[in-house]
Amino acid sequence: MRVVAGNFKGRQLKAVPGVTTRPTTDKVKEAIFNMVGPYFEGGTALDLFAGSGGLGIEALSRGIGHCIFVDREAKAIQTIHKNLELCRAEKLSEVYRNDAERALKPIVKREVQFSLIFLDPPYKQQKLKALINTIGDNNLLHKEGYIVTEHGSDVKLDMEIGQFVQCKHETYGMSSITIYRLKNFEEEE
């Protein structure tokens, strides 16, 4: 597992020890950023089921200005800190050990809006629709932002969830990527 592109390109990232975390492959990571970027000029990202922090670190490498990492597992939090150190990206990030739903409450109070939100929950515990609705209800996505979900290829997400519409969907083996934007967002020609 490595950083695919940007300022930290080629840096090897540590995986979370054990089998409870499923890292996003480099191929899928590259595909995600080709769909939403590939590069950014600032903005804030939220990596809500961060695992090793690979998606958020890739976003930082590609120009996102700040990333909040959240995971409930202690081993994941330790791994995120190690990977941020390897990339010298500690000052560009915040790391919290918390459950996803509980983590959103203080974020809502801070009135942060995100350019990118990564939702990659454990496949057997899909909570994507409820989380996307919470994001919408609390105005957490910037008007030009993306919600990037990674889920099992057997999971079919709705074309519309709350105020968001699916703009891209791809399947890579057992994993699928579904990306949402605000319904009223219109890309400039």
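Keep in mind that what you see is a predicted model, and the values were worked out from it rather than measured. These values consider heavy atoms only, across backbone and side chains, with no hydrogens, waters or symmetry-generated copies.
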Listed by chain and number, what are the side chain to side chain contact (heavy atoms under 4.5 Å, CB included) partners of [X], not counting sequence neighbours?
{"X": "N139", "result": "Q113"}
{"X": "H81", "result": "I77, V95"}
{"X": "E101", "result": "D99, K127, L131"}
{"X": "K105", "result": "none"}

Donor-acceptor pair, [X] side chain versus [Y] backbone, under 3.5 Å?
{"X": "K183", "Y": "G162", "value": "yes"}
{"X": "R97", "Y": "R72", "value": "yes"}
{"X": "D71", "Y": "E73", "value": "yes"}
{"X": "K9", "Y": "R2", "value": "no"}
{"X": "E150", "Y": "I177", "value": "no"}
{"X": "E144", "Y": "S115", "value": "no"}

Nearest 0.5 Å, please: how far is [atom2] in [Y] from [atom1] in [X]?
{"X": "L13", "Y": "I80", "atom1": "CG", "atom2": "CD1", "answer": "11.0 Å"}
{"X": "L141", "Y": "Q163", "atom1": "CG", "atom2": "CD", "answer": "8.5 Å"}
{"X": "L128", "Y": "L48", "atom1": "CG", "atom2": "CG", "answer": "10.0 Å"}
{"X": "L104", "Y": "L140", "atom1": "CG", "atom2": "CG", "answer": "6.5 Å"}
{"X": "K29", "Y": "N34", "atom1": "NZ", "atom2": "CG", "answer": "13.0 Å"}
{"X": "F40", "Y": "S61", "atom1": "CZ", "atom2": "OG", "answer": "11.0 Å"}

Between S176 and T171, a side-chain donor and acceptor under 3.5 Å: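 Present: a donor and an acceptor within the cut-off.
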Identified side chain to side chain contact (heavy atoms under 4.5 Å, CB included) partner of L119 from the options L55, T149, D47: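 For L119, the side chain to side chain contact (heavy atoms under 4.5 Å, CB included) check succeeds only for T149.
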Report yes if the side chains of [X] and [Y] come closer than 4.5 Å at any heavy-atom pair, otherwise no.
{"X": "C87", "Y": "N7", "value": "no"}
{"X": "R181", "Y": "F164", "value": "no"}
{"X": "F69", "Y": "L46", "value": "no"}
{"X": "I107", "Y": "F114", "value": "yes"}
{"X": "T79", "Y": "P17", "value": "yes"}
{"X": "L182", "Y": "K143", "value": "yes"}
{"X": "R62", "Y": "V4", "value": "yes"}
{"X": "E160", "Y": "Q166", "value": "no"}

Side chain to side chain donor-acceptor pair (under 3.5 Å) evaluation trace for H151 with S175: CA-CA 6 Å; H151 51 88; S175 296; over 6 Å; no
Measure across [X] and [Y] and return the closest heavy-atom pair with its distance rounded to 0.1 Å.
{"X": "A15", "Y": "S52", "answer": "CA-CB, 4.5 Å"}
{"X": "Y180", "Y": "I161", "answer": "OH-CD1, 3.5 Å"}
{"X": "A5", "Y": "Y39", "answer": "CB-OH, 3.5 Å"}

Qualifying side-chain hydrogen bond (donor to acceptor under 3.5 Å, both in side chains) pairs with a residue from residues 83-95, counting only residues at least two apart or across chains: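 side-chain hydrogen bond (donor to acceptor under 3.5 Å, both in side chains) check on residues 83-95 returns H66-E94, E94-Y96, E94-R110.
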Check for me, please, whether [X] and [Y] land in the same ILVMFWY cluster - side-chain distances under 4.5 Å, paths through other members count.
{"X": "L86", "Y": "V16", "answer": "no"}
{"X": "V165", "Y": "I117", "answer": "no"}
{"X": "V155", "Y": "I132", "answer": "yes"}

Ring geometry between F118 and F33 (parallel below 30°, tilted from 30 to 60°, perpendicular above 60°):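 Rings of F33 and F118: tilted, as their planes differ by 30° to 60°.
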Side chain to side chain donor-acceptor pair (under 3.5 Å) involving D158 - partner list, sequence neighbours excluded: K129
